[in-house]
Amino acid sequence: MSEERSGLSAEELFARGDERTYDDFTLLNTQFSETDKCNVSLTTDLGKGVVLRVPVMASPMDSVTSPRLAIALARLGGIAVIHYNHKDAEGRPNIGKQVEDIMQVKRSQNGFIEDPLVVAPEMTIGQVIELGNKNREPEEAIRTFPVTENGQSHGRLVGLLRREDYFLGSRTNLKVKERMLGLDGLIVGDSTMDLERAREMIWQEHIKSLPIVDREGNLVYLVTRGDMEKSEQFPFATTDKSGKLQVLFAVSTWPESYERVEKGFAAGADGVVVDTSQGFGRHPLEMLKYIADRHLGKLLIGGNISTSEAARELARLDFVDAYRCGQGSGSICTTADAIGIGRAGATAIYECARAVHESRSKMVTIADGGIRFAGDIVKALALGAGAVMVGSMLAGSDECPGEKKLDERGRQIMEYWGMGSKKANVGGEARVRDYGNHEEGIVRRVPYKGKLGKHFPAVVDALLHAFEVSDCRSIADLHNGVSQGEVRFGLRGPAAVMESRPHD
């Protein structure tokens, strides 16, 4: 007689059709573990060259995802989605600002800089300083410039203007050619060398910047010591083939989004999210098809959905790489109550992921909403998600937009709001008037958490520990364990939830 297994399989946990949240169950420690967390990989492949070492994505929310946060999260192995809720002075959608945010992320770290900011010999130092300020990276303005004969990115190299060659506050009327380091004193690399050779040359020659030229002397790339140090400091960073940080951007299903799609990809974005709370309909489908027809090589994410019917429909579209799963489960989302349509987060993940698997689709499930703790991430992954999208877990980070304030007790806090709230006012006042004043989100205050690099690694460590305890070395191991009934679940009531939290 075989031994009785503890707890429930995933199929048994969801068999009755009850709506389950992450609080309703736990994973059980039924496996004797021979895995050390140093051997665990949390890598997930979203498709189209976007591979995360940490399966966490920042939601496209204007109170969370700034370029600074996108850079910080990508360096730590995740990825962010730049929101589209930028407005001009009149409150109208501002596509240009979203494009600027994308470009800031892509410029922040490079291997070979393919289109470096260059200057011409006849420009004044003042013009150069202004150009560097205008095209600044998130941390600081650009201060070192290759000098080409015609001032074009891939023109004939004639020198390098370094930060030590000029003052910011005086003698700015001098011309670049009077202060630059000319070719006779400049160390350059040739276009046949790989990135490792270029970095070794920077080290051996004690230089900060290495221009790379072709046989005709035309500038091809620029490699910098700063970028080299960043890649060494953040070895798990989410980067493309050229060493640039990867970033996604969001578009709506509104008419102006066709222009937004083209400009976002022109700015260098690695993928796009069709951002709508109801992704099972004609307008989202039309937008997905438009993007796939024109940008098949870019990551394409659909959703939001929460039912197996919707998942099967998206799975039939073989050009959708991933989808956001979750409706009404976010901490500042009120959709389920406001319009009566939504679903408990855990049930949505389990049923949608299972439907996708049964459809033999490789589409990745992204759990979106209801993720408050690292343990919720583990549960979402166990139920079939390949990654999670979070807002509140990142809200309050130093890199988030908004000001730090003091609450009644003198504690530092920041505001965080849903994209369906009046505070977000997506699209501006004109659009709100078109559709009425209906709200599907609220505003809340969250504690100030400090820099992402200080508090987020603890989340990653918790994930690694959970996989170690579960004797799983990868997300695929966890998925297989659940599908085979080896990973077991415990159903719990309100008292059990209370017991699991700090009490007495």
Side-chain angles (χ1 to χ4, degrees), residues 65-75 80 82 86 94 96-148 151-155 157-181 186 202 207-212 219 221-231 233-234 237 239 242-245 247 266-269 398-403 451-453:
T65 308
S66 68
R68 289 180 61 217
L69 185 127
I71 291 166
L73 184 59
R75 285 175 175 168
I82 301 296
H86 302 89
N94 185 347
K97 185 62 177 68
Q98 186 183 33
V99 169
E100 289 177 13
D101 285 359
I102 294 168
M103 294 177 67
Q104 278 195 32
V105 180
K106 299 303 291 186
R107 281 200 307 262
S108 65
Q109 181 173 317
N110 298 273
F112 287 122
I113 304 176
E114 299 174 353
D115 292 296
L117 192 63
V118 302
V119 296
E122 296 298 325
M123 291 175 65
T124 66
I125 298 298
Q127 290 173 321
V128 170
I129 293 171
E130 183 179 353
L131 185 67
N133 289 336
K134 180 180 179 181
N135 293 276
R136 63 186 300 113
E137 296 176 355
E139 292 92 347
E140 58 185 11
I142 297 173
R143 296 300 186 209
T144 297
F145 307 85
V147 185
T148 60
Q152 300 298 312
S153 289
H154 301 294
L157 185 71
V158 295
L160 184 70
L161 185 70
R162 305 162 301 173
R163 174 65 187 88
E164 54 266 39
D165 295 327
Y166 61 93
F167 293 153
L168 293 175
S170 64
R171 307 179 189 182
T172 57
N173 60 328
L174 293 174
K175 292 191 174 181
V176 168
K177 64 183 181 181
E178 299 178 70
R179 297 300 302 168
M180 71 182 188
L181 178 64
L186 183 61
I202 287 176
I207 54 178
K208 293 182 179 180
S209 300
L210 178 67
I212 308 291
L219 180 67
Y221 305 115
L222 182 69
V223 182
T224 71
R225 178 184 292 266
D227 288 327
M228 182 174 71
E229 291 172 343
K230 289 172 186 174
S231 65
Q233 184 181 359
F234 303 104
T239 58
S242 66
K244 296 180 180 180
L245 294 179
V247 65
D398 186 71
E399 295 86 353
C400 290
E403 298 179 359
K451 291 190 177 297
L452 190 71

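These numbers come from a predicted model, not from an experiment.
Considering all non-hydrogen atoms of both residues, Leu245 and Ser108 come closest at CD1-OG, 3.3 Å. In plain terms, the two heavy atoms of Ser242 and Glu114 that are nearest each other are CB-OE2, 3.7 Å. Taking each heavy atom of Pro211 and Leu186 in turn, the nearest pair found is CG-CD2, 4.2 Å. Closest heavy-atom contact between Thr172 and Leu168: CG2-O, 3.8 Å.
A side-chain hydrogen bond (donor to acceptor under 3.5 Å, both in side chains) with Asp101 holds for exactly one of Gln104, Lys97, Gln98; it is Lys97. Partner Glu399 forms a side-chain contact (heavy atoms from CB on, under 4.5 Å) with one of Thr65, Ile71, Leu452 and no other, that one being Leu452. The residue from Val119, Val118, Leu219 that alone fulfils the side-chain contact (heavy atoms from CB on, under 4.5 Å) condition with Val147 is Val119.
Remark: Arg163 is positioned above the aromatic ring of Tyr166, its terminal NZ or CZ atom under 6.0 angstrom from the ring centre and at most 45 degrees off the axis.
Checked against salt bridge (charged side-chain N to carboxylate O under 4.0 Å, His left out), Lys208 has no partners two or more places apart in sequence or in another chain. For Thr239, there are no side-chain hydrogen bond (donor to acceptor under 3.5 Å, both in side chains) partners at least two apart in sequence or on another chain. With sequence neighbours excluded, the residues satisfying side-chain hydrogen bond (donor to acceptor under 3.5 Å, both in side chains) with Arg162 are Asp165.
With rounding to the nearest 0.5 Å, the separation of CG in Leu222 from CG in Asp115 is 11.5 Å.
Atom CD of Glu178 sits in a crowded spot, with more than 12 heavy atoms from other residues, nucleotides or ligands closer than 6.0 Å.
Between the side chain of Asp227 and the backbone N or O of Asn110, at least one donor-acceptor pair lies under 3.5 Å. The backbone N or O of Ala269 lies less than 3.5 Å from no partner atom in the side chain of Lys106, so there is not a single donor-acceptor pair.
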